[in-house]
Amino acid sequence: MITPRPLRIFVASASEHLNDSGRYGEGLIAWNLLTELARRGHELVVCARRAELSQDPPFELIVTGPASRFESVEPLAYMRQARRIFARLDRERPFDLAHWIFPSSAELLLFSPPRALPFVVGPQGAPWPPGVWSRPRRAGDVVRGALRPLFARAHARTLAAGSLFLGGTPEAAESFPAERFRVVPFGVDVVRFPPQPLPASRRILFVGRVEPNKGVRELVEAFPRVRERVPDAALTVAGAGPLVDWARRRAVELDVADAVSVLGHVEQAQLPDLLRDCALLCLPSYADAYGMVLLEAMATQRAVVASDVIGPRFLLDGGRFGRLVPPGDAAALAAALADLLAQPSELERLGLDGRRRVEERFTVARSADGVEQAYADVLEAA
């Protein structure tokens, strides 16, 4: 690997909501990556619409706030605001390159530097399948539709200006020019999530939004079948969402309430303890572009069961490092969970293999290595 000299880098957007607590997943990934790059000596000027931090950042942070009071034009307004900030600071002392981390979506990547210089985009997650996440129509959608040509032109300029586009998984390539695309996976903090010995309990842990698309219904419905084969099995559901009350009621109706804990919202700081006390983690999402909680569990040396969708399939290498089941299939989910809980030696093996896989490819340091290599390559080509 070529390590670039310390660089002055303009980060046009770190994420929608930069944070160090895990409350907003992409914001925490960006925080960890930027902190590691700053630790390596790079001088970063980082823009973010919002920031929620418990510590002083090791880089210059510019919290821009919303660029417009109209949501429909916010992406274009933010692009212009970021370009103005770049131009002002670049005149004072020129930047070596520009970087945009986590566009809100690939289609809303609208920033390009006001002058020609190396420009890196990403890592960006894979696009979500159509219809997975939906929201009601809003009045601003009409305005957004009318402005579509402006958005398209700005997006085309960005694709032309980008020196290299980084994706968290290979599937992210479909959003960017293939000849300028590279996979740089997101990394997990292996110090915060150290390996832990397998507990005596046979507890399944779910962490995430407690909503239909996360497969919570299937998990709760599958659990009685797990208990038929593993009588001391238990289930913890951690997270906020519209199905919290349903999960509690359904556990009573299924006569498993004594073994099911529905915690509601939990802070990121609680996650290492929850992982320490579980036998395995389950992520039965209908779709998942990545799945950081899988890496956090694997770092903790826990086996994982997940849906066979884009993110988990990549992280688990097609099932070599965990069990993959068809999304929405409660029977297959129950079988996979029961099989693992009944085999402590297999839980141990998958936990050890998962930790090794994380250390080899999915740490924050490995992610920063990939970004630094991208910097070196685009600077050499400039």
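Numbers here are sequence positions counted from 1.
Connection of V184 to V364 is not established within any shared hydrophobic cluster, with ILVMFWY side chains joined at heavy-atom distances below 4.5 Å, either directly or through further cluster members. In terms of hydrophobic clustering, with Ile, Leu, Val, Met, Phe, Trp and Tyr side chains grouped at heavy-atom distances under 4.5 Å, L97 and W100 are assigned to a common cluster. F223 and L254 fall within a single hydrophobic cluster, where Ile, Leu, Val, Met, Phe, Trp and Tyr are joined by side-chain heavy atoms under 4.5 Å apart, directly or via other members. A continuous path of ILVMFWY side-chain contacts below 4.5 Å connects V63 to V46, so both sit in one hydrophobic cluster. No path of Ile, Leu, Val, Met, Phe, Trp and Tyr side chains, each step under 4.5 Å between heavy atoms, connects Y290 with V309, placing them in separate hydrophobic clusters.
The distance from the CG atom of L281 to the OG1 atom of T300 is 9.0 Å, given to the nearest 0.5 Å. Within the model, atoms CZ of F321 and CG of L316 stand 9.0 Å from one another, a figure rounded to the nearest 0.5 Å. Atom CZ of F206 sits about 9.5 Å away from atom CG of L235, to the nearest 0.5 Å. Note: L166 CG to Q373 CD = 11.0 Å, rounded to the nearest 0.5 Å. Atoms CG and CD1, from L18 and I29 in turn, are 12.0 Å apart once rounded to the nearest 0.5 Å.
Of the possible polar contacts, one joining the S367 side chain to the P185 backbone as a donor-acceptor pair under 3.5 Å is found. A donor-acceptor pair under 3.5 Å links the side-chain atoms of D20 to the main chain of S54, judged by distance alone. Checking side-chain atoms of H17 against main-chain N and O of E26 turns up no donor-acceptor pair under 3.5 Å. Under a 3.5 Å cut-off, the side chain of N213 and the backbone N or O of E211 do not form any donor-acceptor pair. Here the side chain of S163 pairs no donor or acceptor atom with the backbone of P118 at under 3.5 angstrom. A donor-acceptor pair under 3.5 Å is formed between the side chain of R180 and the backbone N or O of L159. Side chain of S285 to main chain of D288: no donor-acceptor pair is present (N/O by atom type, distance under 3.5 Å, no hydrogens or angles).
Side-chain contact between S13 and I101: absent, with no pair of heavy atoms (C-beta onward) separated by less than 4.5 Å. In this structure the side chain of F10 never reaches within 4.5 angstrom of the side chain of E60, judged on heavy atoms. Counting heavy atoms from C-beta on, the side chains of P170 and V183 come closer than 4.5 Å. Contact of the L89 side chain with the I62 side chain is registered, since non-hydrogen atoms from C-beta on lie closer than 4.5 Å. You'll find the side chain of Q268 reaches within 4.5 Å of the side chain of L28, heavy atoms only. With a 4.5 Å cut-off on side-chain heavy atoms, L76 and L110 count as touching. Side-chain contact check for L280 versus L205: every heavy-atom pair is 4.5 Å or farther apart. Side-chain contact check for V325 versus D308: every heavy-atom pair is 4.5 Å or farther apart.
Note on R250 versus E221: salt bridge recorded, some NZ/NE/NH1/NH2 to OD/OE distance being below 4.0 Å. A salt bridge does not link R203 to D232: none of the charged side-chain nitrogens sits closer than 4.0 Å to a carboxylate oxygen. Salt-bridge check for E253 with R248: failed, with every basic side-chain N at 4.0 Å or more from each acidic carboxylate O. Look at R356 and E359 and you find no salt bridge, because none of the NZ, NE, NH1 or NH2 atoms lies under 4.0 Å from a carboxylate O. Classification of R227 and D258 as a salt-bridged pair holds, one side-chain N sitting under 4.0 Å from a carboxylate O. With salt bridges taken as basic N to acidic carboxylate O contacts below 4.0 Å, one links R39 and E36. The pair R192-E296 does not meet the salt-bridge criterion, since no charged nitrogen lies less than 4.0 angstrom from a carboxylate oxygen. Between D353 and R349 a salt bridge is recorded (basic side-chain N to carboxylate O distance below 4.0 Å).
Residue-environment remark: CG (D255) stays at or below the threshold of 12 foreign heavy atoms within 6.0 Å.
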- Please test D369 against R40 for salt bridge (charged side-chain N to carboxylate O under 4.0 Å, His left out), starting from the C-alpha separation and ending with a verdict. CA-CA 10 Å; D369 287 346; R40 297 182 181 196; 2.8 Å; yes

- Query: Does the pair C282 and L337 meet the rule for a side chain to side chain contact (heavy atoms under 4.5 Å, CB included), with working shown?
  - Reply: CA-CA 8 Å; C282 182; L337 292 169; 4.2 Å; yes

- Verdict with supporting geometry, E43 and R93, salt bridge (charged side-chain N to carboxylate O under 4.0 Å, His left out): CA-CA 12 Å; E43 180 188 349; R93 192 152 57 90; 2.5 Å; yes

- Item | Steps toward side-chain hydrogen bond (donor to acceptor under 3.5 Å, both in side chains) verdict (E372, H42) | CA-CA 10 Å; E372 280 198 318; H42 300 295; 2.6 Å; yes

- Item | Steps toward side-chain hydrogen bond (donor to acceptor under 3.5 Å, both in side chains) verdict (Y375, E380) | CA-CA 9 Å; Y375 292 165; E380 184 180 15; over 6 Å; no

- Please report the C-alpha distance between R182 and F165 in whole Å, then the side-chain angles of each, then the deciding distance to 0.1 Å, and finally whether the side chain to side chain contact (heavy atoms under 4.5 Å, CB included) criterion is met. CA-CA 6 Å; R182 181 180 301 175; F165 298 87; over 6 Å; no

- Task: Test T64 against R50 for side chain to side chain contact (heavy atoms under 4.5 Å, CB included), laying out the working first.
- Result: CA-CA 7 Å; T64 65; R50 293 183 291 170; over 6 Å; no

- Test side chain to side chain contact (heavy atoms under 4.5 Å, CB included) on V45 and I85 and set out the steps. CA-CA 10 Å; V45 177; I85 294 171; 5.6 Å; no

- Message: side-chain hydrogen bond (donor to acceptor under 3.5 Å, both in side chains), that's the test. Do R83 and S112 meet it? Break it down for me.
- Response: CA-CA 8 Å; R83 285 170 62 89; S112 56; 3.3 Å; yes

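For the pair R8 and F95, the cation-pi criterion (under 6.0 Å, within 45° of the ring axis) is fulfilled. Taking the ring axis of Y78 as reference, the NZ or CZ atom of R49 stays within 45° of it and closer than 6.0 Å to the ring centre.
Aromatic rings of F59 and W31 (six-membered ring for Trp) have centroids within the 6.0 Å cut-off, being under it. Between F119 and F111, a ring centre-to-centre spacing shorter than 6.0 Å is recorded.
When every heavy atom of P212 is checked against every heavy atom of L243, the shortest pair comes out as N-CD1, 3.5 Å. Of all heavy-atom pairs between P6 and G41, the closest is CB-O, 3.4 Å. Summarising the geometry of R323 relative to A336, their closest heavy-atom pair is NH1-O, 4.2 Å, with the distance given to 0.1 Å. Contact between L61 and A51 at its shortest, heavy atoms only, is CD2-CB, 3.9 Å. Contact between E218 and D329 at its shortest, heavy atoms only, is CG-N, 4.5 Å. Scanning all heavy atoms of the two residues, the minimum distance from G322 to L350 falls at N-CD2, 3.9 Å.
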Run the side-chain donor-acceptor check on residues 269-277: report pairs under 3.5 Å with partners two or more places apart or on a different chain.
from	atom 1	to	atom 2	distance (Å)
Q270	OE1	E267	N	2.7
D273	OD1	R276	NH1	3.2

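Q343 and D339 share no donor-acceptor pair across their side chains, judged by distance under 3.5 Å alone.
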